[in-house]
S.K.: 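Okay, here's the structure, questions in a sec.
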Amino acid sequence: MKNFLAGIATAAMVAVATPAMATDIIVVAHGQANDPFWSVVKNGVEKAAEHTGANVDYRSPETFDMVAMSQLIDAAVNQEPDGLVVSIPDADALGPSIERAVAAGIPVISINSGSDVSKQLGALLHVGQDEFDAGKAAGEKLASMGGTKGICVNQEVGNVSLDLRCEGFAEGFGGSSSVLPTSNDPAEVESKVRAALDADEEIDTVMALGASTAGEPSVAAVKAVGRDIHVGTFDMSAGFLQSIVDGDAAFALDQQQFLQGYLAVNFLALHAEYGLMPGGNVASGPNLITAEKAAQVVELSAQGIR
């Protein structure tokens, strides 16, 4: 009997000492490797992995390449993770791969882009912002500041989310506006924005779609031409926030991308362990950051959190 009880006690101790198998989650994002915006998303993913104990693998293509991204999603599906996080900048290109994940029984959450198609592709929910509405709010704000003719600087034409931002901006702005296509190379952005401003002295508004890649170069271009031009941007960087504080830029629209990575991983970890999941999409933004708020978040932006 003593040996029997000792055996039970030993088995119990082993059971307590042996941790449960960690949850495996894969994140596949479209953000390019040189884009500071996505480094903040990744920081959120890593913090969630730390807090939940999940094994999280973050992957992205080297350039804005939907073929490469669909291949990354397919590879993730083949690994049969406990959860998959994806961004959806192009539903036509990525939809089949996402639907394969869902068909394989893998819980999927979309982040950042794809709020309009997430549910129909089978994702459990989307964490992000409504890009058209955010663009409209930005356009209305810039119009209220006296803007009448603007350009929308799009560094990833074809990315549905960015295209929707420009469309929303045009509707909210109400005046004359056009899209200025560029790459995500800040030097090219500055050159093209300056050329557009030099070519048309009636342009009084610049709407950028990314703080580091387009917002900061747009501010530099405006300074170079020496005119009174309002500059707003989506997303944030320490440099652009300082421009707001200094009066060289109007505002930034913060979608809190740290939350996008953090919450998606947390939700999937909770789902794997307890079957829990919010009942609908989670709006991480937009939040309008003007001069009154900019100084408060400069340090957090520099730390890769805001």
Side-chain angles (χ1 to χ4, degrees), residues 28-32 35-38 40-41 44 60 64 66 69 85-95 98 108-121 123 125-143 150-174 177-182 184 189 205-215 218 231-237 240 250-261 263-264 280-289 306:
V28 182
H30 70 270
Q32 300 175 46
D35 189 340
F37 173 91
W38 286 96
V40 178
V41 177
S60 64
F64 184 69
M66 293 300 94
M69 187 175 176
V85 180
V86 295
S87 59
I88 316 176
D90 187 334
D92 291 336
L94 303 177
I98 295 169
V108 176
I109 288 178
S110 63
I111 62 170
N112 183 259
S113 54
S115 61
D116 55 331
V117 296
S118 176
K119 185 175 182 179
Q120 69 191 55
L121 292 176
L125 58 85
H126 179 83
V127 184
Q129 68 182 1
D130 187 296
E131 303 292 4
F132 181 89
D133 288 347
K136 184 177 179 180
E140 291 171 346
K141 178 66 174 178
L142 288 165
I151 55 175
C152 186
V153 185
N154 190 339
Q155 74 273 16
E156 283 182 0
V157 172
N159 179 337
V160 174
S161 292
L162 299 197
D163 294 342
L164 285 171
R165 290 177 180 181
C166 281
E167 291 173 15
F169 164 73
E171 181 168 315
F173 190 60
S177 66
S178 60
V179 176
L180 179 66
T182 72
N184 74 335
V189 172
T205 301
V206 177
M207 183 72 243
L209 303 187
S212 298
T213 52
S218 293
V231 183
T233 191
F234 276 76
D235 308 323
M236 299 193 303
S237 68
F240 194 89
F251 62 82
L253 284 170
D254 179 21
Q255 62 175 297
Q256 300 183 112
Q257 70 267 33
F258 184 95
L259 275 183
Q260 295 172 10
L263 291 179
N281 291 349
V282 177
S284 64
N287 300 290
L288 191 67
I289 307 297
R306 295 292 298 274

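Numbers here are sequence positions counted from 1.
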S.K.: Can you confirm whether Phe258 sits close enough to Arg306 that some side-chain heavy atom of one is under 4.5 Å from a side-chain heavy atom of the other?
M.R.: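 Counting from C-beta outward, Phe258 and Arg306 never come under 4.5 Å.
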S.K.: With rounding to the nearest 0.5 Å, note down the distance linking CG in Asp90 to OG in Ser113.
M.R.: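 Nearest 0.5 Å value for the CG-OG distance: 9.5 Å.
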S.K.: Taking all atoms of both residues into account, what is the closest heavy-atom pair of Ala211 and Phe240, and its distance?
M.R.: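 Minimum heavy-atom contact is CB-CB, 4.2 Å.
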S.K.: Tell me the closest heavy-atom pair linking Asp235 and Leu209, and the distance in Å.
M.R.: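 Distance-wise, the nearest heavy atoms are OD2-O, 3.8 Å.
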S.K.: Checking the side chain of Gln256 only, and the main-chain atoms of Ser284 only, is there a donor and an acceptor separated by less than 3.5 Å?
M.R.: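 Side chain of Gln256 to backbone of Ser284: a pair is present.
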S.K.: Compare all side-chain heavy atoms of Leu94 with those of Pro89 and state whether any distance is below 4.5 angstrom.
M.R.: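 When only atoms from C-beta onward are counted, Pro89 and Leu94 do touch, with a gap below 4.5 Å.
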S.K.: Side-chain contact test, heavy atoms from C-beta onward, threshold under 4.5 Å: evaluate it for Asn112 versus Val41 and give yes or no.
M.R.: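 Answer no - side chains too far apart.
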S.K.: Is a side-chain donor-acceptor pair under 3.5 Å present for Ser115 with His126?
M.R.: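 There is no such pair (donor and acceptor under 3.5 Å, judged by atom type) between the side chains of His126 and Ser115.
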S.K.: Once you round to the nearest 0.5 Å, how far does CD1 of Ile88 lie from CG of Asp116?
M.R.: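 Rounded to the nearest 0.5 Å, the CD1-CG separation comes to 8.5 Å.
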S.K.: Could you check if a side-chain atom of Phe37 sits within less than 4.5 angstrom of a side-chain atom of Thr213, using non-hydrogen atoms only?
M.R.: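 SC-SC contact between Phe37 and Thr213 ruled out.
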S.K.: Minimum heavy-atom separation for Val189 to Thr182, with atom names?
M.R.: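 For Val189 and Thr182, the tightest heavy-atom pair comes out as CG2-OG1, 3.5 Å.
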S.K.: Rounded to the nearest 0.5 Å, what separation is found between the CG atom of Asp133 and the CD atom of Glu171?
M.R.: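 Result: 9.0 Å between the selected atoms.
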S.K.: Dump the intermediate steps for side chain to side chain contact (heavy atoms under 4.5 Å, CB included) on Val153 and Val206, then the final yes or no.
M.R.: CA-CA 7 Å; Val153 185; Val206 177; 3.8 Å; yes
S.K.: For the CG atom of Leu288 and the CG atom of Leu253, what is their distance to the nearest 0.5 Å?
M.R.: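 Between Leu288 CG and Leu253 CG, I get 5.5 Å after rounding to 0.5 Å.
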S.K.: At what distance, to the nearest 0.5 angstrom, does CE of Met207 lie from OG1 of Thr233?
M.R.: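 Going from CE on Met207 over to OG1 on Thr233, the span is 5.5 Å.
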S.K.: Is Asn184 reaching over with its side chain to a backbone N or O of Gln155, donor-acceptor style, under 3.5 angstrom?
M.R.: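 Checking the backbone N and O of Gln155 against the side chain of Asn184, no donor-acceptor pair under 3.5 Å is found.
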S.K.: Write down the atom of Trp38, the atom of Ile111, and the distance for their closest heavy-atom approach.
M.R.: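 The answer is CZ3-CD1, 4.4 Å.
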S.K.: Ser110 side chain to Val86 main-chain N or O, any donor-acceptor pair under 3.5 Å?
M.R.: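 Side chain of Ser110 to backbone of Val86: no pair is present.
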S.K.: Provide the closest heavy-atom pair for Leu162 versus Glu156 in the form atom of the first, atom of the second, distance.
M.R.: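 Minimum heavy-atom contact is CD1-CB, 3.5 Å.
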S.K.: Any idea which heavy atoms bring Ala29 and Ser87 closest together, and the distance?
M.R.: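 In this case the closest contact between Ala29 and Ser87 is CA-OG, 3.5 Å.
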S.K.: Once you round to the nearest 0.5 Å, how far does CZ of Phe173 lie from SG of Cys166?
M.R.: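 Reported to 0.5 Å precision, the distance equals 12.5 Å.
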